[in-house]
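Report on the structure given below.
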Amino acid sequence: MSKVVVTFEYEKETKNSVRYQEVPEEGKAPIMGSLYVQKWFAGNTKSLEITIEKKD
């Protein structure tokens, strides 16, 4: 099993959600790309971190 922490930065607001764009590590391709989070949860947050764990 391996864990990766993916960082996202605010991109724009849509009707009911906030769109975040992944900030990939230098020299690596994005893992997830864009992430949509509901406005009621995101609030005014400008950056998010998500931990992804692969299980075999």
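None of the values given here were measured: they were computed from a predicted structure.
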Going by heavy atoms in the side chains, are [X] and [Y] under 4.5 Å from each other?
X	Y	result
Lys55	Glu53	yes
Tyr20	Val37	yes
Leu48	Leu35	yes
Thr45	Tyr10	no
Ile31	Glu22	yes

Nearest atoms (heavy-atom pairs only) where Pro30 meets Gly33:
CB-N, 4.2 Å

Trace of the side chain to side chain donor-acceptor pair (under 3.5 Å) decision for Ser47 with Glu9:
CA-CA 4 Å; Ser47 65; Glu9 294 291 331; 4.6 Å; no

For the backbone of Thr14 and the side chain of Lys39, can you confirm whether one donor and one acceptor N or O come within less than 3.5 Å of each other?
yes

Measure the NZ-CG distance between Lys46 and Asn44 for me, rounded to the nearest 0.5 Å.
6.5 Å

Is any side-chain N of the basic residue among Arg19 and Glu13 closer than 4.0 Å to the acidic one's carboxylate O?
no

Polar contact flag, side-chain donor to acceptor under 3.5 angstrom, Ser17-Gln38
no

Just do the side-chain contact (heavy atoms from CB on, under 4.5 Å) check on Ile50 and Val5 with the steps written out, would you?
CA-CA 6 Å; Ile50 296 180; Val5 176; over 6 Å; no

Is it possible for you to say whether Phe41 and Tyr36 belong to one hydrophobic cluster, with membership spreading through side-chain heavy-atom contacts below 4.5 Å?
no

